[in-house]
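Following this message is one structure expressed as structure tokens.
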Amino acid sequence: MTDNYFIVPSLHIGRVNSMNLIKFIVNEAGVGCSLTIFSYSITDIWIRQLMNLRHQYKVSKIIMVLDRDVIIRHREKLNQLQFVADELYLTDSHAKAYICRSEKRNIAVITSANATQNYRNEGYYITDRTEEINAIEADVRNILRESSRII
């Protein structure tokens with residue numbers, strides 16, 4: 001399966017680029033959606049692509065949750081992230097998840113892929129099931145309670 005075609009809900013292990021997953025869920029949710037991104041690390045290219053995606057789809061809010069140790073080692077990313085994220089949290093979590101909400105559609109991805117420009121075998125589960133998204137968001141709230149908000 002190539003990563004330009006996703007079936008919702010579905011579970012996959014295969015070659016995937018994490019930005020393509022983000023583009024898919026934002027496109028599905030439509031203009032004005034909000035986006036929550038959990039990742040261990042993030043690359044400069046990914047940040048720029050996220051900024052472009054934000055403008056293209058008029059994303060209303062982006063919440064980023066990144067690993068504390070990675071961002072402390074790469075403080076220069078904070079400079080870039082302040083122009084993309086409405087909220088930025090640092091945590092000890094290695095969770096990798098994307099949640100997109102809008103009036104049109106809600107969709108979430110749980111993945112092994114970081115917010116990096118990789119194209120390797122990764123696992124991901126993509127869903128639009130309300131009960132699953134609510135459960136994921138409950139976990140997000142628990143993690144954010146123990147995180148440090150930077151932006």
Side-chain angles (χ1 to χ4, degrees), residues 3-12 16-68 70-71 74-118 122-151:
D3 67 359
N4 58 4
Y5 179 74
F6 302 101
I7 299 168
V8 182
S10 61
L11 174 64
H12 299 276
V16 67
N17 180 298
S18 57
M19 180 50 73
N20 288 353
L21 284 166
I22 288 284
K23 288 177 180 177
F24 174 77
I25 66 172
V26 168
N27 184 57
E28 288 292 304
V31 172
C33 63
S34 66
L35 184 60
T36 302
I37 300 168
F38 271 77
S39 184
Y40 174 71
S41 62
I42 190 165
T43 62
D44 299 343
I45 292 170
W46 216 89
I47 294 169
R48 284 192 298 276
Q49 287 181 329
L50 188 59
M51 188 178 301
N52 291 337
L53 192 68
R54 178 175 200 152
H55 293 299
Q56 179 182 356
Y57 286 93
K58 296 177 179 43
V59 175
S60 63
K61 184 176 189 177
I62 296 178
I63 299 170
M64 302 276 309
V65 185
L66 300 170
D67 184 81
R68 180 184 341 268
V70 171
I71 294 300
H74 301 282
R75 287 184 192 96
E76 72 280 358
K77 293 202 187 305
L78 289 173
N79 222 14
Q80 296 170 299
L81 288 166
Q82 71 178 329
F83 296 107
V84 178
D86 297 291
E87 297 177 22
L88 172 63
Y89 296 86
L90 301 184
T91 185
D92 294 327
S93 171
H94 284 223
K96 294 160 194 89
Y98 316 129
I99 305 164
C100 198
R101 283 198 166 271
S102 73
E103 290 182 17
K104 177 182 170 189
R105 190 170 189 193
N106 300 320
I107 193 162
V109 176
I110 303 297
T111 180
S112 64
N114 283 305
T116 58
Q117 238 6 66
N118 62 14
E122 300 282 2
Y124 65 93
Y125 177 69
I126 187 166
T127 185
D128 61 354
R129 295 176 176 154
T130 302
E131 65 280 1
E132 292 175 348
I133 292 173
N134 290 342
I136 293 166
E137 287 185 326
D139 292 338
V140 166
R141 286 189 297 277
N142 289 334
I143 292 170
L144 291 182
R145 274 196 282 279
E146 298 179 13
S147 300
S148 301
R149 183 171 175 180
I150 302 302
I151 297 173

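Just so it is clear, the values below take in all heavy atoms, side chains as well, and ignore hydrogens, waters and symmetry mates. Sequence positions, counted from 1, serve as the residue numbers for this chain. Here the structure is a predicted model, which is why all the values come from computation and not from measurement.
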Non-hydrogen atoms of R54 and V84 that approach each other most closely: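 Heavy-atom minimum between the residues: NH1-O, 2.5 Å.
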
Heavy-atom closest contact (V59 atom, S34 atom, distance):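 Looks like CG1-CA, 4.5 Å.
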
Go through F24 and V109 one step at a time and tell me if the side chain to side chain contact (heavy atoms under 4.5 Å, CB included) criterion holds. CA-CA 10 Å; F24 174 77; V109 176; over 6 Å; no

Distance-only, no hydrogens or angles: does the T127 side chain make a donor-acceptor pair with backbone N or O of P9 under 3.5 Å?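 Checked: no pair found.
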
Tell me whether the count of non-hydrogen atoms from other residues, nucleotides or ligands lying under 6.0 Å of CD in E146 goes above 12.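 Open: at most 12 neighbouring heavy atoms sit under 6.0 Å from CD of E146.
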
If you look at every heavy atom in K58 and V31, which pair is closest and at what distance?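 Closest approach of K58 to V31: CB-CG1, 3.9 Å.
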
From CG (L50) to CG (L81), nearest 0.5 Å: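 If we round to the nearest 0.5 Å, L50:CG and L81:CG are 9.0 Å apart.
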
Heavy-atom closest pair, residues A29 and C100: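 Minimum heavy-atom separation between A29 and C100: CB-SG, 3.5 Å.
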
Nearest 0.5 Å, please: how far is OH in Y57 from NZ in K23?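 That separation rounds to 9.0 Å.
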
Donor-acceptor pair, T111 side chain versus G123 backbone, under 3.5 Å?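 At least one qualifying donor-acceptor pair exists.
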
For L35 and I25: C-alpha separation, side-chain torsions, deciding distance, then whether side chain to side chain contact (heavy atoms under 4.5 Å, CB included) applies. CA-CA 9 Å; L35 184 60; I25 66 172; 4.1 Å; yes

Pairing of E122 and K96 as salt bridge, 4.0 angstrom limit: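 Salt bridge flag = no for K96 with E122.
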
Looking at every non-hydrogen atom in both residues, tell me the closest pair between K61 and D86 and how far apart they are.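 Shortest heavy-atom separation between K61 and D86 comes out as CA-OD2, 3.0 Å.
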
Can you check whether N114's main-chain N or O pairs, donor with acceptor, with S18's side chain at less than 3.5 Å?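 Side chain of S18 to backbone of N114: a pair is present.
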
Without swapping roles, check the side chain of T91 against the backbone of D67 for a donor-acceptor pair under 3.5 Å.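 A pair under 3.5 Å: no.
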
Without swapping roles, check the side chain of D128 against the backbone of I107 for a donor-acceptor pair under 3.5 Å.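 Checking the backbone N and O of I107 against the side chain of D128, no donor-acceptor pair under 3.5 Å is found.
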
So, taking the atom named OG in S112 and the one named NE2 in H94, what distance separates them when rounded to the nearest 0.5 Å?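 It comes to 14.0 Å.
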
Heavy-atom pair with the smallest gap, counting every atom of R101 and N106: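 Looking at all heavy atoms of both residues, the shortest contact is NH1-ND2, 2.8 Å.
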
Nearest 0.5 Å, please: how far is OG in S102 from CD in E28?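 Interatomic distance, E28 CD to S102 OG, rounded to 0.5 Å: 9.5 Å.
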
Could you check whether atom CD1 of I45 has more than 12 heavy atoms from other residues, nucleotides or ligands sitting under 6.0 Å from it?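 It does not: I45 CD1 has 12 such atoms or fewer within range.
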
Just wondering, more than 12 heavy atoms not from E103 lying within 6.0 Å of its CD?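 No.
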
Can you check side chain to side chain donor-acceptor pair (under 3.5 Å) on S39 and W46, steps first, answer last? CA-CA 12 Å; S39 184; W46 216 89; over 6 Å; no

Taking the side chain as every heavy atom from C-beta outward, state whether I42 and M64 have any pair of such atoms under 4.5 Å apart.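 Yes, close enough: below the 4.5 Å cut-off.
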
Output, in order, the C-alpha distance, side-chain angles, deciding distance and verdict of side chain to side chain contact (heavy atoms under 4.5 Å, CB included) for V8 and R105. CA-CA 12 Å; V8 182; R105 190 170 189 193; 3.6 Å; yes

Between I133 and E137, is any pair of side-chain heavy atoms under 4.5 Å apart?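 Yes; the side chains approach each other to less than 4.5 Å.
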
How far does CD1 of I37 sit from CG of L21, to the nearest 0.5 angstrom?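 One gets 11.5 Å once the value is rounded to the nearest 0.5 Å.
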
Step by step, work out the side chain to side chain contact (heavy atoms under 4.5 Å, CB included) result for I150 and I71. CA-CA 11 Å; I150 302 302; I71 294 300; over 6 Å; no

Assign the ring pair Y124 / F6 to parallel, tilted or perpendicular, where the plane angle (0 to 90°) is split at 30° and 60°.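 If you compare the ring of Y124 with that of F6, the planes turn out perpendicular.
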
Could you tell me the separation between the CD1 atom of I136 and the OH atom of Y98, rounded to the nearest 0.5 Å?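 I136 CD1 to Y98 OH: 13.0 Å, rounded to 0.5 Å.
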
